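The chains referred to below are lettered A, B, ... by the order of the sequence lines, with proteins before strands, and numbering in each begins at 1. Everything numeric in this text was worked out from a predicted model, so none of it was measured.
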Amino acid sequence: VNVTLLLPAIQLRYILVLQCTSHFARNLSACHCLRSPKKRSPYVSVDSERYSSLVKTVMSSRVSSRTPETIQAEDENIFGPVVKTQTPSSRQDTRVPKTLHPFLHHEETVDPEELEGPGRSFVPSVTRILQQTLSPEQIFYLERWKKRMIAELGEDGFKEYTQNLFRQGNVFHSAVEDILTSGATQQEYPPDVQGYMESISHVLEDVRAVRAIESTVQHDTLNYLGIVDCVAYYRGVLCVIDWKTSEKPKPFLSNTYDNPIQVAAYAGALNNDGNYKYQVENGLIVVAYKDGTPAHAHQLSSELMLEYWNTWLLRLEDFTEQR
DNA sequence: GGATCCTTCTTCTTCTTC
């Protein structure tokens, strides 16, 4: 863009916007600099409502000419060839599930005993299915990340790092479970989760009438099961809630990868599980941060849930096909 | 009581100048 040709006022705008875009991608404190020169904690004071569309376009569109192919070529020079060669192809947007299963439960209930025939077939879980049906692109970036981490931390260091992440996630989950079941607003937590709990405190204020916690749900007709984090009312709407810990900020739903599909899968199972007598059409993904930064809460409307439900059906199809 | 399963996370780029 030839900025010099623009009028001074517009010119200033452009510079500001360009600065915002380049900084936003990695640090959300960007637009904060427009209002105050002082540095406070990152992305607390961002007017996210105002800039959300800007940030969204910046973060969702691929600007770079680098593709998985070119990156892989570069990496091969640095790390050597990848053992399992991928040919990344974008997942088809227009695909439709072969059989459209209802998201909501329809009247006639299927007796669970009836389904558990003598074969007692294997029932895969939501996470297993999602993990085994990742797109080639997802696999590529995950492998690249892992390779880089191992290069930096070593095999053992990496193992320790991931174990620590899992441990924190687990401790956080049980802390949330405790506070939601006891109802008490205790202030003291293990030091590991103190920040996370602080992070979600503003979300917890809007959570009422918990219906289920860490409950196993199984779809009566589709062959899968899972464990739902939480079913409760969030701002007056009954939701399947998924609590997440994250090192990086995830201000947009698109930053949460397959999490929305996971939530839709749980809701669909719940709605078609004879053990549960209610229907849940909405979802909520809460991303908590260790430093206590306010968590991002992503609401999933019933329309959105239906979209992700269809995506889930596709993944389920892929999974059964590959077996 | 032991074994197995589920879940817990991890990806999405750039290198220009104040």
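Proximity of the aromatic rings of A/Trp145 and A/Phe158 is defined here by a centroid distance below 6.0 angstrom, and this criterion is met.
Summarising the geometry, the separation between NZ on A/Lys290 and P on B/dC9 is reported as 13 Å, rounded to the nearest angstrom. Rounded to whole Å, the distance from CD1 on A/Ile285 to P on B/dC9 is 12 Å. Whole-Å rounding puts the A/Lys248 NZ to B/dT11 C1' distance at 7 Å. Taking atom CG on A/Asn164 and atom C1' on B/dT10, their separation rounds to 13 Å, with Å as the unit. Protein atom CZ of A/Phe140 is 14 Å distant from nucleotide atom P of B/dT11, rounded to whole Å.
At the heavy-atom level, A/Thr216 lies nowhere under 4.0 Å from the strands shown.
For B/dT10, the OP1/OP2 oxygens have no side-chain nitrogen or oxygen of A/Lys147 closer than 4.0 Å.
Qualifying salt bridge (Lys or Arg N to Asp or Glu O under 4.0 Å) partners for A/Arg235, counting only residues two or more places apart in sequence or in other chains: A/Asp206. Qualifying salt bridge (Lys or Arg N to Asp or Glu O under 4.0 Å) partners for A/Asp273, counting only residues two or more places apart in sequence or in other chains: none.
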Under 3.5 Å, which N/O atoms of the protein pair with N/O atoms of nucleotides 4-8 of chain B?
unit_1 : atom_1 : unit_2   : atom_2 : d
B/dC6  : OP1    : A/Val123 : O      : 3.4
B/dC6  : OP1    : A/Ser125 : N      : 3.1
B/dT7  : OP1    : A/Ile227 : N      : 2.9
B/dT7  : OP1    : A/Tyr266 : OH     : 2.8
B/dT7  : OP2    : A/Ser125 : OG     : 3.2
B/dT7  : OP2    : A/Thr127 : N      : 3.2
B/dT7  : OP2    : A/Thr127 : OG1    : 2.0
B/dT8  : OP2    : A/Gln262 : NE2    : 3.4
B/dT8  : O4'    : A/Asn170 : OD1    : 3.4
B/dT8  : O2     : A/Asn170 : ND2    : 3.0

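Between A/Lys244 and A/Asp229 there is no salt bridge, since no side-chain nitrogen of the basic residue lies less than 4.0 Å from a carboxylate oxygen of the acidic one.
When atom types are taken as modelled, the side chain of A/Thr162 and the backbone of A/Lys159 share a donor-acceptor pair closer than 3.5 angstrom.
For the pair A/Arg208 and A/Tyr234, the cation does not sit on the ring face, since its NZ or CZ is not both under 6.0 Å from the ring centre and inside 45° of the axis.
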